[in-house]
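Everything on this sheet refers to the single structure shown next.
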Amino acid sequence: MDISNMQPANFIESIIIEDLKSDKHGGRVVTRFPPEPNGYLHIGHAKSICLNFGLAEKFNGTCHLRFDDTDPAKEELEYVEAIKRDVKWLGFDWGDKLYHAADYFEQLYDYAIELIEKGLAYVDDLSAEEIREYRGTLTEPGKNSPYRERSIEENLDLFKRMRAGEFPDGSRVLRAKIDMTSPNMNMRDPVLYRIKRMHHHRTGDDWCIYPMYDFTHPISDALEGITHSICTLEFEDHRPLYDWVLENVSVPCRPQQIEFARLNLSYTITSKRRLLRLVELGYVTGWDDPRLATIAGIRRRGYTPEAVRDLCERVGVAKNNSLVDMAMLEHCVRDDLNKRAPRAMAVLRPLRVVIENYPEDKVEELEAVNNPEDASMGSRKVPLSRVIYIEQEDFMEDPPRRYRRLAPGREVRLRYGYVIKCEDVIKDENGQVVELRCTYDPDTLGGSTPDGRKVRGIVHWVSARHAVKAEVRLYDRLFTIENPADAEDYVSYVNPNSLEVLKDCMLEPSLAQAAPGSFYQFERQGYFCVDTVDSKPDSLVFNRIVALRDTWAKIQQRQG
RNA sequence: UGGGGCGUAGCCAAGUUGGGUAAGGCACAGGACUUUGACUCCUGCAUUCCCUGGUUCGAGUCCAGGCGCCCCAGCCA
């Protein structure tokens, strides 16, 4: 790593490069991802994960995974396992750098004692409501608590008895003694410890007092030797307190807090409370619903970790509140899957086609390449027989201008196969087209036509006899408005068409063995993956990850 | 006249330290290629950087004054 030539990709990297040059931290770069295990991770967390682990990678440093578990009321073991799984899935490895703030409780307690001894913290007997009243408002200063001037001895005694469990929940707190008139609310004697008799997922019933975030976080960072403590914008106001704690307590080093803007994605929601409500009201099936921007949902939908990381890199790191266009994520998956997804043919809305001049019992194995972007992925055989299915939308009785697909009397090429011509249209009693009678030109295999006539339309198909039936779930954006997070009544903007279930899809036979989680490009349609929850070997379920770009759809839309 | 932060294209975002004549990506629009209307490839897309003044030969960058948006009054993180 040659620091002198490194180009910073964003302001945080600039800071790190400067620190490296000035040898501020002895050349070390240590970051951390500090989730509270009180819910599932979402796309916003993904950005933080990519940033913190990415920085460590880039600068030859390390990144810790630390659970910020200081509030037993909200945190559960179930979430810590889910979070670990999500971080791993994104492709990051914390090695042996797994930490829990709860493991620092004893040391934190000692640092609290140190503050008390220095006259910088005191036990307050005010009730929660009184504390709020004494705190003042945004425009008026607060007032000192009547308990603020207790002696060090009394504070020590009281705090020890708080720990010993002598006082009821909520009856007292330990507060930092800073400045009740500070224009920064966080500096108005913030609470450091509260009494809460609650079972902690890690420390059990060892404690009945628990430290607050503002006290725990800077010390945890210092204890772990974190050099750059990266968090989101809303903690900017907490930085003076972060620094105050580190200045007044004997910690081994001095980490720097740096704030950046969190990632918001259009047409999604990331607030835990709101996510939970969608689940409870049944708008989605759970935290891993493929329409949700949770990591679990994104994974089940079939978005790849590579695509998510690419997105995080592309959106950059800055301090602007931003709402990133969903189209950006979609572009990232297409970009990734185009190179990696095997191609296959699948007819989602089947229309039966009989090739009249194709022998009844004949079956041809046609050669189909698995990925035109990657020759090493090889090819496969796809069976063709007299009766096939094509997509309903690939036939129109009365086609508009520029329509290149099948119509009465018109020709189209079967992908990897022959040119067929529509000779007759069969309808049911309601006038619905139920079957096409076609003929094929045996001399057109291999892409050419003997007479050099141009056949522009190409259509995917599946042999009826060989078809594998499957369910395909078509997902669309969950909300009808760009920024549902902005709307109080976001629930009323849930897209009623966010999921369309197609039951009778016909897949080419090679898909019969598709493993859960594996992804494919269904040619001319999009990228799909085998659902990891509902798909069974004998009843396959595919999720549409994202549709292919569709220029024709745009042209049609423009023409009304 | 509470404090903190942020304003560069429809959406992200470089550029601000050391003033030198607006990167890149997404989206969008044309065109080429094509056995996926995909991919790929070309081309176009801010005479202007929230506004108004000022300094300067020269300002997105410096100065002054406005305006707009976000965050903070949990014993949550």
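Just so it is clear: chains get the letters A, B, ... in the order the sequence lines come, proteins before strands, and each one is counted from 1.
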Exercise for the section: Would you indicate, yes or no, if B:G7 has its OP1 or OP2 atom less than 4.0 angstrom from a side-chain nitrogen or oxygen of A:N320? Expected result: yes
Problem - Nucleotide paired to B:G2 in any strand shown, Watson-Crick or G-U, under 3.5 Å - result: B:C72
Exercise for the section: Quote, to the nearest angstrom, the C1' distance that separates B:A64 from B:G24. Expected result: 34 Å
Practice task
May I ask you to evaluate whether A:R188 reaches the phosphate of B:C72, defined as a side-chain N or O under 4.0 Å from OP1 or OP2?
Solution key: no
Handout entry: Ring centroid separation A:Y267 to A:F479 under 6.0 Å
Key = no
Handout entry: Whole-Å C1' distance, B:C41 and B:C57
Key = 44 Å
Practice task
Assign A:T551 to base, sugar-phosphate, or nothing according to its heavy-atom contacts below 4.0 angstrom with the strands shown.
Solution key: sugar-phosphate
Practice task
Report yes if at least one side-chain N or O of A:R558 is closer than 4.0 Å to OP1 or OP2 of B:G30; otherwise report no.
Solution key: yes
Exercise for the section: Please check if atom CZ in A:R380 has more than 12 non-hydrogen atoms from other residues, nucleotides or ligands closer than 6.0 Å. Expected result: yes
Exercise for the section: Could you name each residue pair satisfying salt bridge (Lys or Arg N to Asp or Glu O under 4.0 Å) that touches residues 36-48 of chain A, not counting sequence neighbours? Expected result: none
Exercise for the section: Write down the distance separating the P atoms in B:C62 and B:G5, rounded off to the nearest Å. Expected result: 16 Å
Practice task
Check whether any side-chain nitrogen or oxygen of A:N184 sits under 4.0 Å from OP1 or OP2 of B:G2, and answer yes or no.
Solution key: no
Exercise for the section: Enter syn or anti for the glycosidic conformation of B:G74, syn applying to angles within 90° of 0. Expected result: syn
Handout entry: Within the 6.0 Å centroid threshold, strictly below: A:F159 and A:Y122
Key = no
Listing time: all N or O pairs from protein to nucleotides 26-28 of chain B that are below 3.5 Å?
unit_1, atom_1, unit_2, atom_2, d
B:C26, OP1, A:H331, NE2, 3.2
B:C28, OP1, A:K554, NZ, 2.9

Exercise for the section: Using the closest heavy atom to pick a nucleotide of RNA chain B for each, name whichever of A:V173 or A:K454 lands nearer the 5' end. Expected result: A:K454
Handout entry: Aromatic centroids of A:F522 and A:F542 separated by under 6.0 Å
Key = yes
Exercise for the section: Round to the nearest Å and state the distance from A:F260 atom CZ to B:A14 atom P. Expected result: 13 Å
Practice task
Can you tell me the pairing partner of B:A27 across any strand shown, Watson-Crick or G-U wobble, with both distances under 3.5 angstrom?
Solution key: none
Exercise for the section: Quote, to the nearest angstrom, the C1' distance that separates B:A22 from B:U47. Expected result: 10 Å
Problem - Interatomic distance, A:D237 CG vs B:G4 C1' [rounded to whole Å] - result: 4 Å
Handout entry: Pairing nucleotide - B:C57, Watson-Crick or G-U, each distance under 3.5 Å
Key = B:G20
Practice task
Evaluate whether atom NZ of A:K177 has more than 12 neighbouring non-hydrogen atoms of other residues, nucleotides or ligands under 6.0 angstrom away.
Solution key: yes
Handout entry: Complementary nucleotide of B:A14, counting Watson-Crick and G-U pairs under 3.5 Å
Key = none
Exercise for the section: Would you confirm whether the ring centroid of A:F105 sits within less than 6.0 angstrom of the ring centroid of A:Y210? Expected result: yes
Handout entry: Separation between the P atoms of B:C28 and B:A23, rounded to whole Å
Key = 22 Å
Exercise for the section: Taking only the side-chain nitrogens and oxygens of A:N483, find out if one of them lies under 4.0 Å from OP1 or OP2 of B:C11. Expected result: no
Practice task
Have a look at A:V317 and say if it touches a base, only the backbone sugar-phosphate, or nothing, with a 4.0 Å heavy-atom cut-off.
Solution key: sugar-phosphate
Exercise for the section: Please state whether the phosphate of B:C76, meaning OP1 or OP2, lies under 4.0 angstrom from any side-chain nitrogen or oxygen of A:R194. Expected result: yes
Exercise for the section: Between A:N186 and A:N338, just flag the one whose closest nucleotide in RNA chain B comes earlier from the 5' side. Expected result: A:N338
Handout entry: A:R343 side chain near B:U36 phosphate (N/O to OP1/OP2, under 4.0 Å)
Key = no
Exercise for the section: With P as the reference atom in both, quote the distance from B:G37 to B:A46 in angstrom, rounded to an integer. Expected result: 32 Å
Exercise for the section: Could you measure between the two P atoms, the one in B:U36 and the one in B:G20, and give it in whole Å? Expected result: 49 Å
Practice task
Return yes when atom CZ of A:R402 has more than 12 non-hydrogen atoms of other residues, nucleotides or ligands closer than 6.0 Å, and no otherwise.
Solution key: no
Handout entry: Same-atom distance (P) from B:C63 to B:C69, integer angstrom
Key = 25 Å
Fill in the blank from the handout: Residue set satisfying side-chain contact (heavy atoms from CB on, under 4.5 Å) with A:P400, at least two apart, ordered chain then number -> A:M396, A:Y403, A:W552
